[in-house]
There are 2 protein chains.
Amino acid sequence: MSMDAVFRALADPVRRQLLDRLHARNGQTLNELCEGYDMTRQAVTKHVAILEQANLVVTQWRGREKLHFLNPVPIHNIAERWISKFERPRLDAISELKRKLEGKDHG
Amino acid sequence: MSMDAVFRALADPVRRQLLDRLHARNGQTLNELCEGYDMTRQAVTKHVAILEQANLVVTQWRGREKLHFLNPVPIHNIAERWISKFERPRLDAISELKRKLEGKDHG
DNA sequence: ATAATATGCAACCATTTGGTTGCCTATTCA
DNA sequence: TGAATAGGCAACCAAATGGTTGCATATTAT
């Protein structure tokens, strides 16, 4: 479960939107996921593959259809293991800048 | 404040580590940020520029030195506006899969 | 004044990325 | 059985990315 694969997967707006759409309605087929994009099915397949590699999407075959399911666990992981660290900053950037400027002015 | 710029900035491990290092010690110079990388200063400059464009890093000149400060606000924003949506999933992916499989098995 | 330091800027390069087209396979429908 | 549907796979392509080298500029130290 590489955090790097997850961040890279989330870097593209199309892929984030695919996750949005699965969040809105889980278990969609590839063709359903293709709807509304000005892009070939093959291009969407590539995006989905990157999401699968990051374990953000899990698939299940039903006959000739491939169903796609959102897996929110990797998102939860990066939120917990990386993003949360910056949620309570040790020092606010603006006040830090002020401190530095004051140090320059008055020091 | 484009969410896309932030996600793209976070996609690279070097840039995430730069944020880590600023989180550990704020206000470092470019040369300090270069330490420990097998990469030219100019390459690090490019990474920093991408972080600046995403407003994740704010800079301040002190003489010939450029000081870098972490700005956690964009991280907070994507956490709040995008990531949090997936933190309480409507349906757990595994149970969803089970439901689908049961539907298939039991008719 | 001169040298060293800290950084910027531009051109260039290889690899990755995001897309395409073309064709093949498997399942379902008539 | 044959056609339509859902999808996979590979080759190819342009643009973006992540890096380099070379040189210029401004500040600081001797």
Side-chain angles (χ1 to χ4, degrees), chain A residues 2 4-22 25-54 56-69 100-101 103-105 107, chain B residues 2-22 25-54 56-69 100-101 103-104 107:
Chain A
S2 133
D4 196 56
V6 178
F7 272 110
R8 268 191 286 104
L10 296 183
D12 189 282
V14 171
R15 290 193 289 270
R16 288 199 304 279
Q17 205 190 354
L18 285 171
L19 295 180
D20 284 338
R21 290 169 67 175
L22 286 179
R25 186 160 66 86
N26 216 356
Q28 296 188 61
T29 69
L30 180 59
N31 266 340
E32 285 171 332
L33 289 178
C34 286
E35 284 168 20
Y37 288 119
D38 188 21
M39 186 186 313
T40 61
R41 169 181 56 82
Q42 288 89 334
V44 176
T45 299
K46 287 191 182 181
H47 283 299
V48 168
I50 291 171
L51 291 171
E52 284 191 70
Q53 281 162 32
L56 286 160
V57 162
V58 173
T59 59
Q60 170 74 17
W61 282 91
R62 185 180 61 189
R64 63 182 165 184
E65 291 178 321
K66 194 184 193 184
L67 305 180
H68 298 76
F69 299 90
K100 292 277 172 180
L101 286 170
K104 201 180 166 189
D105 289 340
Chain B
S2 132
M3 212 166 61
D4 196 56
V6 178
F7 272 110
R8 268 191 285 104
L10 297 183
D12 189 281
V14 171
R15 290 193 289 270
R16 288 198 305 279
Q17 203 189 356
L18 285 170
L19 295 180
D20 285 337
R21 290 170 66 174
L22 287 179
R25 186 160 65 86
N26 216 356
Q28 295 187 62
T29 69
L30 179 60
N31 265 342
E32 285 171 332
L33 290 178
C34 287
E35 284 167 21
Y37 288 118
D38 187 22
M39 187 187 311
T40 62
R41 170 181 56 81
Q42 287 90 332
V44 175
T45 299
K46 286 192 184 181
H47 283 298
V48 168
I50 291 170
L51 291 170
E52 284 191 70
Q53 281 162 33
L56 286 160
V57 162
V58 173
T59 60
Q60 169 74 17
W61 281 93
R62 185 180 60 190
R64 63 183 165 183
E65 289 176 321
K66 194 184 191 183
L67 305 181
H68 298 76
F69 299 91
K100 292 276 173 183
L101 287 170
K104 201 179 165 190

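As a basis for the values below, the full set of heavy atoms in this structure was taken, side chains included, without hydrogen atoms, waters or symmetry mates. Small disclaimer: the values here were computed from a predicted structure and weren't measured. Sequence lines set the chain letters: A, B, ... in the order given, protein chains first and strands last, and positions in each chain run from 1.
Between the CD atom of A:E65 and the P atom of D:dG7 there is a distance of 6 Å, rounded to whole Å. Whole-Å rounding puts the B:L10 CG to D:dG18 P distance at 12 Å. Straight-line distance from the CG atom of B:N31 to the C1' atom of D:dT28: 14 Å, rounded to whole Å. In this structure, the CD atom of A:E35 is 11 Å from the P atom of D:dG7, given to the nearest Å. Rounded to an integer number of Å, the gap from OH of B:Y37 to C1' of D:dG18 is 14 Å. Residue A:R62 contributes atom CZ, which lies 12 Å from atom C1' of D:dA6 at whole-angstrom precision. Distance CZ (B:R64) to P (D:dT27): 10 Å, rounded to an integer number of Å. Taking atom CD of residue B:E32 and atom C1' of nucleotide C:dT5, one finds them 14 Å apart after rounding to whole Å.
To the nearest 0.5 angstrom, A:I50 atom CD1 is 11.5 Å from A:T45 atom OG1. Within the model, atoms NE2 of B:H68 and OG1 of B:T29 stand 8.0 Å from one another, a figure rounded to the nearest 0.5 Å.
The side chain to side chain contact (heavy atoms under 4.5 Å, CB included) with A:Q28 is formed by just one residue from the set A:L18, A:L22, A:L67; it is A:L22.
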Below 3.5 Å, can you tabulate the donor-acceptor pairs from side chains in residues 34-41 of chain A to any protein atom, sequence neighbours excluded?
unit_1: A:Y37; atom_1: OH; unit_2: A:Q17; atom_2: OE1; d: 3.1
unit_1: A:T40; atom_1: OG1; unit_2: A:A43; atom_2: N; d: 3.3

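Looking at heavy atoms from C-beta onward, B:L30 lies out of side-chain contact with B:T59 at the 4.5 angstrom threshold.
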| remark: The contact string for nucleotides 13-24 of chain C, one letter per nucleotide 5' to 3', using protein heavy atoms under 4.0 Å with B, S and - for base, sugar-phosphate only and none, comes out as -----SBBBB--
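Sequence neighbours left out, the pairs with a member in residues 6-16 of chain A that pass side-chain hydrogen bond (donor to acceptor under 3.5 Å, both in side chains) are A:D4-A:R8, A:R15-A:H47, A:R16-B:D4.
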